[in-house]
Asks: 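Here it is, the structure, as structure tokens.
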Amino acid sequence: VAARLQAAGRPDSVTVGEPTYRATGNAIAYERLEPLSLKGKEEPVPAWEATGALSEPSRRAGRAQTPLIGREEEAGLLSSLVERVNREGRPHLVTVIGQAGVGKSRLLRELMSDLDTSDDPPTIRRGQCPPYGAGIAYWALAEVLYDEFEIRDSDPPEAAWEKLRSGVTRLMSELGDESAGQRNAALLAIPLGLEPPEELRPSEEDPQRMREALFSAARAVVEGIARRKPLVLAVDDIHWADEGMLDLIDHLTRWVRAPLLLVCLARDELLERRPGWGGGRRNATTISLEPLTADETRELVEALLPSSGNGAGRVVPQVAERSGGNPLFAEEMVNRLLEEETAEADALPSTVQSLLAARLDSLDRLERRLLQSASVVGQTFWEGALAPTAAEEGLDLGKTLANLEEKDLLVPSAGSRLAGEREYAFKHVLIRDVAYSMLPKSVRCRKHVEVAEFIRERAGERSDGVIGLIA
């Protein structure tokens, strides 16, 4: 459909279909087009033409506001850490870890909201590590500097440099080291993509010494900001950060001498890259967010749905079960019900589909193949049913299953419906659904035959009793 929409669009324009329009309508302005007749589609396809970016991304009309449920202890801990760094005048690193959609950003929003409305709010700065961050050095640092020194993307390079130079110089003067102002500004111009005057450009050619100089300049600026007022520095998605950014966060935690709370949000993948992240330190805390309990999930869904309409009484348990304790999944399912005015909770919103598909795409190829084969069996499956896939791909079945279990995608079952076979289950029913949808139909057919043969052979004389599984 995307290729046909492209062909039907006007030259020098961007034409999108309904899934893209729904996913980006709060950030991009669109003009609705007449439905397009596309090859291979019986009915005309709705289409929109992008006209520009909205200056202030907004929450889509009709979408539910997410209350904070089941995270009261974690929210209290974050608030107490703000008080601690303010009292002790020292830095503290807190890392909030959890899978996509489990509530990391929502927890941070709650903290920011509480701080904004406090009697004496601290300075708040925020940076984000983009998915392609490994190829862009210190992106999050650049965002913090842009915010602190009020540098805009529309600023000419000369104006941006002057804002950086004057801002850093003022901070260094307050720290009693005015002479370091222009030197540090020239070093910090690097992650901002700015060119300082020729006479100020760093002459150091050794990469390690250059990195040390940059870290020293960043530390001095962060310390200067925090000396004015306690600083809460939030960095989103550090599992995508480049290695230099991770090392810089570690450096700031060790060497800043001022009240600084570093709040980092990360998925579990961070611990695969840095197993010892924040470990063994008195000034580091890790908050691991688990899925909500069944009762908390139902409470969340009830809070999101109107008290009447949309078959709320029947839909609540459906959404709560399918979301598997993931607040984002629950929110997106409710939003689809509200936007489409339907009472059917079975269809998977494109936002959730994309999120889970991206997670599966990030797996090792062999791990992903095994997970897809397991999805053919169902929500629960047996190790032996995957033996043909293991032989075909040349993988170590036990080790690969252990890796998927460690990555929180699979869980071992307490018992098994087939004697002598280890049974596993997908941690989340939606993971299984998305893994299955990623299989080509021709492969699905072949895999279903393999599974049926496995069950028939393992059941032996009791095959009549498992005819439902084979079917």
Asks: Counting C-beta onward and ignoring hydrogens, is there a side-chain heavy-atom pair between Asp242 and Cys129 closer than 4.5 Å?
Replies: no
Asks: State, with a plain yes or no, whether a side-chain heavy atom of Ser79 is found less than 4.5 Å away from one of Leu111.
Replies: yes
Asks: Given side chains that start at C-beta, do those of Leu78 and Val94 come closer than 4.5 Å, heavy atoms only?
Replies: yes
Asks: Without swapping roles, check the side chain of Lys104 against the backbone of Gly98 for a donor-acceptor pair under 3.5 Å.
Replies: yes
Asks: Do NZ/NE/NH1/NH2 and the carboxylate oxygens of Glu321 and Arg298 come within less than 4.0 Å?
Replies: no
Asks: For a quick check under 3.5 Å, do Tyr424 and Arg422 share a side-chain donor-acceptor pair by atom type?
Replies: yes
Asks: Between Arg126 and Glu143, does any side-chain N to carboxylate O distance fall below 4.0 Å?
Replies: no
Asks: Looking at Ala50, is its backbone amide N or carbonyl O close enough to the side chain of Glu31 to form a donor-acceptor pair, meaning the two atoms are under 3.5 Å apart?
Replies: no
Asks: Check whether any side-chain N or O of Asn326 sits under 3.5 Å from a backbone N or O of Ala100 as a donor-acceptor pair, and report yes or no.
Replies: yes
Asks: Would one find more than 12 heavy atoms of other residues, nucleotides or ligands at under 6.0 Å from atom CZ of Arg444?
Replies: yes
Asks: If you look at every heavy atom in Pro67 and Leu304, which pair is closest and at what distance?
Replies: CD-CD2, 3.9 Å
Asks: For the CD atom of Glu331 and the CG atom of Leu300, what is their distance to the nearest 0.5 Å?
Replies: 8.0 Å
Asks: Quick one: are Pro122 and Asn86 in side-chain contact, heavy atoms under 4.5 Å?
Replies: no
Asks: Does a donor on one side chain sit under 3.5 Å from an acceptor on the other, for Thr389 and Lys447?
Replies: yes
Asks: Does Gln99 reach the side chain of Pro291, with side-chain heavy atoms less than 4.5 Å apart?
Replies: no
Asks: Quick one, Phe381 with Phe426, criterion side chain to side chain contact (heavy atoms under 4.5 Å, CB included). Give me CA distance, side-chain angles, the key distance, then yes/no.
Replies: CA-CA 9 Å; Phe381 60 91; Phe426 283 88; 3.9 Å; yes
Asks: Salt bridge between Asp250 and Arg274, side-chain N to carboxylate O under 4.0 Å?
Replies: no
Asks: Contact between Arg254 and Arg281 at the side-chain level, heavy atoms closer than 4.5 Å - yes or no?
Replies: yes
Asks: Restricting to non-hydrogen atoms, name the atom on Pro191 and the atom on Leu214 that form the minimum distance, rounded to 0.1 Å.
Replies: CD-CD1, 4.2 Å
Asks: Inspect the surroundings of CD in Glu406 and state if more than 12 heavy atoms from other residues, nucleotides or ligands are less than 6.0 Å away.
Replies: no
Asks: Quick one: CD1 on Ile249 to SG on Cys264, what's the gap to the nearest 0.5 Å?
Replies: 4.0 Å
Asks: Please give me the minimum heavy-atom distance between Gly244 and Arg211, naming the atom from each residue.
Replies: CA-NH1, 3.9 Å
Asks: Between Thr400 and Asp396 (side chain of the first, backbone of the second, donor and acceptor by atom type, cut-off under 3.5 Å), is there such a pair?
Replies: yes
Asks: Mind checking the CG-CG spacing from Leu386 to Leu401? Nearest 0.5 Å is all I need.
Replies: 6.0 Å
Asks: Would Arg365 and Glu393 count as a salt bridge (charged side-chain N to carboxylate O under 4.0 Å, His left out) here? Give the steps.
Replies: CA-CA 10 Å; Arg365 180 182 65 85; Glu393 300 290 345; 3.3 Å; yes
Asks: Is the side chain of Thr293 donor-acceptor paired with the backbone N or O of Glu296 at a distance under 3.5 Å, no angle test?
Replies: yes
Asks: Counting N and O atoms only, with roles assigned by atom type, does the side chain of Thr20 sit under 3.5 Å from a partner on the main chain of Gly17, one being a donor and the other an acceptor?
Replies: no
Asks: Determine, for Glu392 against Arg369, whether the closest basic-nitrogen to carboxylate-oxygen distance falls under 4.0 angstrom.
Replies: no
Asks: Does Glu272 pair with Arg267 as a salt bridge, N-O distance under 4.0 Å?
Replies: no
Asks: Using 4.0 Å as the upper bound for N to carboxylate O, is an ion pair formed by Glu269 and Arg273?
Replies: no
Asks: With a 4.5 Å limit on heavy-atom distance, are the side chains of Val376 and Val443 in contact?
Replies: no
Asks: State, without any angle test, whether Thr15 and Trp48 hold a side-chain donor-acceptor pair at a distance under 3.5 Å.
Replies: no
Asks: Hey, can you tell me if His448 and Tyr436 have their rings parallel, tilted or perpendicular (30° and 60° cut-offs)?
Replies: perpendicular
Asks: Mind listing the closest non-hydrogen atom pair of Pro46 and Arg32 along with its distance?
Replies: CB-NH2, 4.0 Å
Asks: Can you give me the closest heavy-atom contact between Gly70 and Leu292, atom names plus distance?
Replies: CA-CD2, 4.2 Å
Asks: Show your reasoning for whether side chain to side chain contact (heavy atoms under 4.5 Å, CB included) applies to Leu409 and Leu363.
Replies: CA-CA 11 Å; Leu409 293 166; Leu363 295 173; 3.8 Å; yes
Asks: Could you grab the distance from atom CG of Leu192 to atom OH of Tyr138, nearest 0.5 Å is fine?
Replies: 13.5 Å
Asks: Please answer whether the main-chain N or O of Arg109 pairs with a side-chain N or O of Ser113 as donor and acceptor at a distance below 3.5 Å.
Replies: no
Asks: Have a look at Val96 and tell me which of Leu108, Val102, Leu107, Leu77 forms a side-chain contact (heavy atoms from CB on, under 4.5 Å) with it.
Replies: Leu107
Asks: What residue among Arg71, Glu74, Glu73 forms side-chain contact (heavy atoms from CB on, under 4.5 Å) with Ile287?
Replies: Glu74
Asks: Can you tell me if CD on Glu367 sees more than 12 non-hydrogen neighbours from other groups inside 6.0 Å?
Replies: yes
Asks: Is there a side chain to side chain contact (heavy atoms under 4.5 Å, CB included) between Arg219 and Val256? Walk through the geometry before answering.
Replies: CA-CA 6 Å; Arg219 179 203 57 75; Val256 166; 3.9 Å; yes
Asks: Heavy atoms only: give me the nearest Thr380-Ala425 pair and the separation to one decimal.
Replies: CG2-CB, 3.8 Å
Asks: Got a donor-acceptor contact below 3.5 angstrom from the Ser216 side chain to the Glu212 backbone?
Replies: no
Asks: Looking only at atom types and distance, does a side-chain atom of Asp206 sit under 3.5 Å from a main-chain N or O of Arg209, one as donor and one as acceptor?
Replies: yes
Asks: Calculate, to the nearest 0.5 Å, the distance between atoms CG and CG belonging to Leu262 and Leu231 respectively.
Replies: 7.5 Å
Asks: Show your working on side chain to side chain contact (heavy atoms under 4.5 Å, CB included) between Ile238 and Leu265 and close with a plain yes or no.
Replies: CA-CA 6 Å; Ile238 65 168; Leu265 309 186; over 6 Å; no
Asks: In terms of relative ring orientation, are Phe454 and Trp382 parallel, tilted or perpendicular, with 30° and 60° separating the classes?
Replies: tilted
Asks: Tell me whether Thr51 contacts the main-chain N or O of Ala29 through its side chain, where contact means a donor paired with an acceptor under 3.5 Å.
Replies: yes
Asks: Atom CG of Leu371 and atom NZ of Lys407: how far apart are they, to the nearest 0.5 Å?
Replies: 10.5 Å
Asks: Check whether any side-chain heavy atom of Val263 sits under 4.5 Å from a side-chain heavy atom of Leu261, and report yes or no.
Replies: yes
